[in-house]
Each structure stands twice: as structure tokens, then as C-alpha cells.
2 protein chains.
Amino acid sequence: MSATIYDVAREAGVSMATVSRVMNDTAVVKEETKKRVLDAIAKLSYRPNAVARGLASKRTKTIGVIVPDVSAAFMAELVRGIEDIANMYHYHIILCNSDGQLDRERDLVGTMWEKQVDGLLFMSPKLRQEHIDTFEEAQLPIVLCRTDDPEKRIPSVNINNKQAAIDVVDYLAAKGCKSIAFVGAKAGLKSLTDERRAGFLQATERNAITSQLIDVPSETYSGALKFLKDALQTSPVRAIVAANDELAIAAEHVAQDLKLRIPEDVMIVGFDNTKLTEMSRPPLTTVAQSMYDYGAVAMRFLTKLLSDEPISTYTVVLPHQILERESTAPKFVK
Amino acid sequence: MSATIYDVAREAGVSMATVSRVMNDTAVVKEETKKRVLDAIAKLSYRPNAVARGLASKRTKTIGVIVPDVSAAFMAELVRGIEDIANMYHYHIILCNSDGQLDRERDLVGTMWEKQVDGLLFMSPKLRQEHIDTFEEAQLPIVLCRTDDPEKRIPSVNINNKQAAIDVVDYLAAKGCKSIAFVGAKAGLKSLTDERRAGFLQATERNAITSQLIDVPSETYSGALKFLKDALQTSPVRAIVAANDELAIAAEHVAQDLKLRIPEDVMIVGFDNTKLTEMSRPPLTTVAQSMYDYGAVAMRFLTKLLSDEPISTYTVVLPHQILERESTAPKFVK
DNA sequence: CTGTTAGCGCATTCAT
DNA sequence: ATGAATGCGCTAACAG
């Protein structure tokens, strides 16, 4: 398994160029010599050295994936989507965690350049001008995934978070909710949450619904419990829209601790449709977006950029839908 | 950002060798010329081409990570652990999913060789002889992570799953449980589960506890519900030990549907201490092992192998502990 | 302390 | 249809 192209050439009695040709199918080779080459490859268990190949061809067949944190609930599924499609197109991925820190993100883009990745899939809680500058420097094909670029300067794959939040409020309004709270990280930290909050505020106002904002320092289960409890104790609401599923489950538990019935006393809606949603009690109504598809579509988008396939739009908007479960719809007793 | 080492050399008025030396700190360079080189690097925004470097040095500073599925509950945390330590030692990771299929796994090891990774972190539900053969062919430094090699042929990091299960049974026995069920994938599919089941059986016998095995086709929440329900309806038990947290939560829900109180009527214990455990109701007692540490330790182990640091043992066994939560311990009413 | 030289293993002209 | 030659950008002897 460590023969070189020269060894194969010698074994087959041809030149290395011919070996390269049959491997890459880059020119017509006589059927008979092709067979000889293939036999030699098999006999020597030859495997082409991708690094040498990358240096010579200037294409490494690897793409860089920069995420805030793989261990976040939905991120793993998203990465799986990326990986599957990457594989389908014979790419491999180098995965990096940035923790959403600008310095680290910029550094990683540079490192990815060093690694000569063919393209980049980039995720970040909030896109800044510095990001754009860094991308420009790096001169790499880049697709943003699940990170909003308000000015649409970079190709991206997203859902319409604002509209999704509007849909949720309308859905709750149709159920008769007159006061709804939104729980999420405070404004300015996460674009996603900001978008969702904006939709929430717009729709509550339009529906003449009393709205309340519950800001939490970090969008995690344990970090949110206290803030939810304080908020729900002081001013009870009829429904809670959470910026993500983890917060929604925290809301469920706080409500239950306060002896509120879900959904009779308070309805709860999450975002993202992570696996948590069907494993919670009651199962959580949530805004579903296939995280897997998210990654898959972004990766597919990138392969198009890399092969100069025609692109219809540089701003892909994925569909979302409200998945109704028992946290907003009473279960029928059978 | 696409200057070469020659450009830097010219700019600094030195030879490329000197540039290489200051970059890699591989020989003493006069302070003044070093400064000139550094200035030139900065001026040209020079970044070394890692591919060329890899070809010349035969070390790519990247390691391959082969997992069954990143999107499995605990896997993402584990990968995060790997990535953090890899970064600390200036490595990058190429991540691949095998779905635990032998053919795919073998193929991936070959691909990793092509990519000239410096080493491999390998995870699989069940290690076979074919794996060993493949590893041998590839001639790569390999560390098994969370995958048992009964014959200790390959360096590995693991926990003692059998002992952990024994500990759990002893723990439940001390609480007076006289009949305990074990739920997990049927024998022969997953080494992890097999080990845990073996410990369960040994300890129940020693403690004269009535044991019951609940086999499920796949160790997932939804896939297990039916089997759990059937089992619990026909022969009620005092406690359930699940092969992982997801199954344990399924057990909680089935028990609750059968109007059983947890832990008063039935105690439930999971495995792995995933994030699910504290987000379930009641919070789940589980066998804790830091998934992050799992990956981190395995990666650290690999760096040792790669730098020929002395190794005390080739079979690292990580500690585990029972984390008691309310699924086995009634909550005090305050 | 620094420069020159020779590869690393392949893709890719340019000939033939 | 095939071979010979060149270079990708760097590391690593080997000189000096």
C-alpha cells in the first residue's frame, strides 16, 4: 500500500503518464494497456497519494467546515448531512470548532487556506464585516450555512426565521392565545434569535397579543431555568415561544414545576425539531427544519460552485413547518 | 495570501531555506535575518501551503476520525473532545461516518491512507478480524476509541463496561430491588451492549436477583417503545437498566404510560450521561463517563504515539461513576 | 549561520 | 495512444 505511480508504471510496462490517465480517466487509453495498468494497481495494492495529487492539481478534494460547536444539539445532524453529500461527490471534510469567536474564526479560515481546501462551509452565530473581509482575503469558494448575511454578500443556505416566528404566533393566535412570551438570548448576540424575536414582535402586535420578552444569558437548558421561573411567576402567559428546543423544554419543566398544565394552562413551542422534541413530556410542538437537509443542501450548493454548475440563486431559503405535538394540542384520550 | 516561499525569500533577500528555517524553527537563524523574514512574511501575507509541506515532509498534521455516526447523541461531544486536543497539538481532523458498516470502514481507512493522515482515531460498534487486517495493511498509527478490542491488539481507550453494569446492579440491589430488567440491542451486535449485559447477568446472579432481558432491534427511543411496553406489561420488574440513556428515557415514558411511578414503582438507570439525562422527567440516574474526555484522552494518546512519547499502557481504561438522579432516588419535598 | 540542490508523488503539457 | 519532461511549494540533507 505504499507503491508509487512509478512502481505501477514499471509493473505494467508503461509510463507513469499512462497510469495517471487510466486513474483519472483523463484521456483515451487502449483497452489492453488499461487492463495491464489496472492489474498492476491491484497487484501492488496501489493507492494514489492524495497529497501529491493535491499539490500537482491544485485541488485537494477536501472542504473545510467551520462550526461554532459540533456538540450543540442540532449541529451534529447538520454535519452529518454535509458529510454524506460531500462523500457523494468524493469530497472529505476537515471539521473545526470556533466557539463563535471572531478571532478563532478568522484564524481558522486562514488555516483552511493553508490546507488548500477547495471550499468552505461556514457557520457562525452572527456575521460581521470582519468575516466578509477575511473571506475576501482567503479567496475561497464559501457557502454560509444557517448564518444570516443580511446584505446577501455571500452565498448562503437558510430558513426564513422571521417568517417562521410569525407563523408560530399566528398559529397560537388561532388557538386563542392572548398573551405570549418569547424566550431567547438577548438581542445582538445571535442573528437567528434576533430574527425570530423580530417576527414574534411583529406578529404579536399585528394580532393584538400581549407580548413579553424573556432574555436569557445563554440559550441552554440549565442556564435558562431560573429566568423562566422568575418570569412565569411574576406574569403568567398563555403561551411561550422559545428560540430553540432546549429552551422550550426548560420552559416545559418550569411550567410543570409551577403546577401549570401543558397545553391547557400554557402552550409551548420550540424551534429546530431536534431529537429532544419527541422525547420530552409532553412532546414538543416545534418549528421543523431538517438539520440534515440543511447541511446536505449547503454542501450540494458548494459542489455546484466548485464545478461551475449554473446557480439559480445565491441565497437558498429552505422551507420550515410547524410540527404540532402535544405541547400545544391536547392529546385525545382513546 | 498566495505568495510562495520563494516570494518571501526574494522579499527578505535570503534563500528559501532560510525562510523555511524561521518558519519551522528548525535551525538557528541570526536574529536580524529572522526579523527580515518575518517582516516579509507579514508584508506578503504569506501562508505556507500545507499540501506542499505535507508532500515534502511526509507528515500532514491531520488525523482521520472514523465514527459510526456523528449525529448519535454522545458522539458529537466526543468529537468535540478530539478536536480540541487535536488543535492543541496543531492537528486537524478529517471526519468520516461509517454507519458501522465493515465495507465502508475498510474503504475509509484506505481513503485516509490516501489523504496521508498522520494517524487514525477509530470507532466501531464491534471490532472484527477484518478491521485488524485493514489496520495492518494501512500501516497507520491507530487508537481505538470507545470500541472494545477483546484481545488488546490495538491501542485503545475505553471504560470498563462490564464493571460499570455490575456497579449498577449492586447499586440497585442495595436499594432492595429483587427483579431487574436489562434493555439493549440483542447479543452480537454491539460490543458495548454485550459487555454491559454480561456484567448485568453476572451481578444479578451473584445478588440472587431475578433478571430479565429485553432485546430491541435498534437502540433508539422510538424503536424501543413497543418492546419495552410489551415486556413491562407481561412481567413487571422493580428496576430497569438500559444500555444507553435514550433507551432509559423510552423506559421512563413507557413506565409512566403504564401509570408506574418512578422511582417508587420502578427505578430506571441509563448509560452515558448524555445531555438528555438532566432534561428528562424525572432526571435520569446514569453511568457517567465524560464523552468529551473520551475523545480528548484518545486524541492525546494518539499524539503520544505520533511523537514517540513513552506510553505506560496501550489500553487506557477511563473511570466511570453512577450519577444518582431522581429516577432512582425519590426527591425530597422541600 | 546561510545557500544550493535534490526530491516528495503526482498532473499536465508537449512531443511523437 | 503513449512517453518524456516539467513543475506544484515545500523540507531536508549537504555544502560552505
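Any value given below was found using the heavy atoms of this structure, including those in side chains, with hydrogens, waters and symmetry copies removed. Chain letters run A, B, ... following the sequence lines, proteins first and then strands; every chain starts at 1.
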Residue-phosphate contact under 4.0 Å: A:T18 side-chain N/O, D:dT2 OP1/OP2: no
Measuring from A:L108:CG to A:S98:OG, what's the distance to the nearest 0.5 Å? 6.5 Å
OH (A:Y89) and CG (A:L306) are apart, to the nearest 0.5 Å, by 11.5 Å
B:R53 CZ to B:S20 OG distance, which is reported to the nearest 0.5 Å: 7.5 Å
Report the residue from B:R106, B:E105, B:Q129 that forms a side-chain hydrogen bond (donor to acceptor under 3.5 Å, both in side chains) with B:T134. B:R106
Measure the NZ-OG distance between B:K190 and B:S124 for me, rounded to the nearest 0.5 Å. 10.5 Å
Which of B:K34, B:K35, B:R36 passes side-chain hydrogen bond (donor to acceptor under 3.5 Å, both in side chains) with B:E32? It is B:R36
From CD of A:Q116 across to P of D:dG9 the rounded distance in Å is 8 Å
After noting the C-alpha distance and the side-chain angles of A:M123 and A:L78, does the key distance pass the side-chain contact (heavy atoms from CB on, under 4.5 Å) rule? CA-CA 11 Å; A:M123 271 152 273; A:L78 197 153; 3.7 Å; yes
Pair B:R80 + A:D99, salt bridge at N-O below 4.0 Å: yes
So, taking the atom named OG in A:S290 and the one named CG in A:L318, what distance separates them when rounded to the nearest 0.5 Å? 8.0 Å
Using a heavy-atom distance cut-off of less than 4.0 Å, which residues of residues 26-40 of chain B contact DNA chain C? B:V28, B:V29, B:K30, B:T33
Mind checking whether B:F74 and B:Y294 have ring centres under 6.0 Å apart? no
Atom pairs under 3.5 Å, N or O on each side, protein against nucleotides 13-16 of chain D: can you list them with distances?
none

For the pair made of CZ in B:R47 and P in D:dC8, what is the distance, rounded to whole Å? 22 Å
Between B:V14 and A:M16, the residue closer to the 5' end of DNA chain C by nearest nucleotide is B:V14
So where does chain B start and stop touching DNA chain C, 5' to 3', when the test is distance under 4.0 Å to a non-hydrogen atom? C:dC1 to C:dG9
Tell me whether the side-chain N/O atoms of A:Y6 come closer than 4.0 Å to OP1 or OP2 in D:dG3. no
With heavy-atom distances below 4.5 Å as the criterion, would you say the side chains of B:T62 and A:I94 are in contact? no
Inspect the contact between A:R300 and A:E309 and indicate whether a charged nitrogen and a carboxylate oxygen are less than 4.0 angstrom apart. yes
Hits for ring pair (Phe, Tyr, Trp, His ring centres under 6.0 Å) against A:Y292, two or more places apart or cross-chain, chain-then-number order -> none
Does the pair B:L305 and B:Y314 meet the rule for a side-chain contact (heavy atoms from CB on, under 4.5 Å), with working shown? CA-CA 10 Å; B:L305 288 182; B:Y314 282 83; 3.8 Å; yes
If you measure from CG on A:D149 to OG1 on A:T315, what distance do you get to the nearest 0.5 Å? 8.0 Å
Spacing of B:D25 atom CG relative to D:dA12 atom P, expressed in whole Å: 13 Å
What parts of residues 51-62 of chain A reach DNA chain D, counting only heavy atoms under 4.0 Å away? A:L55, A:A56, A:K58
With axes from five pairs an end, tell me the bend angle of the helix from C:dC1-D:dG16 to C:dT16-D:dA1, nearest 10°. 40°
Please determine whether a side-chain nitrogen of the Lys or Arg among A:E130 and A:R128 lies less than 4.0 Å from a carboxylate oxygen of the Asp or Glu. no
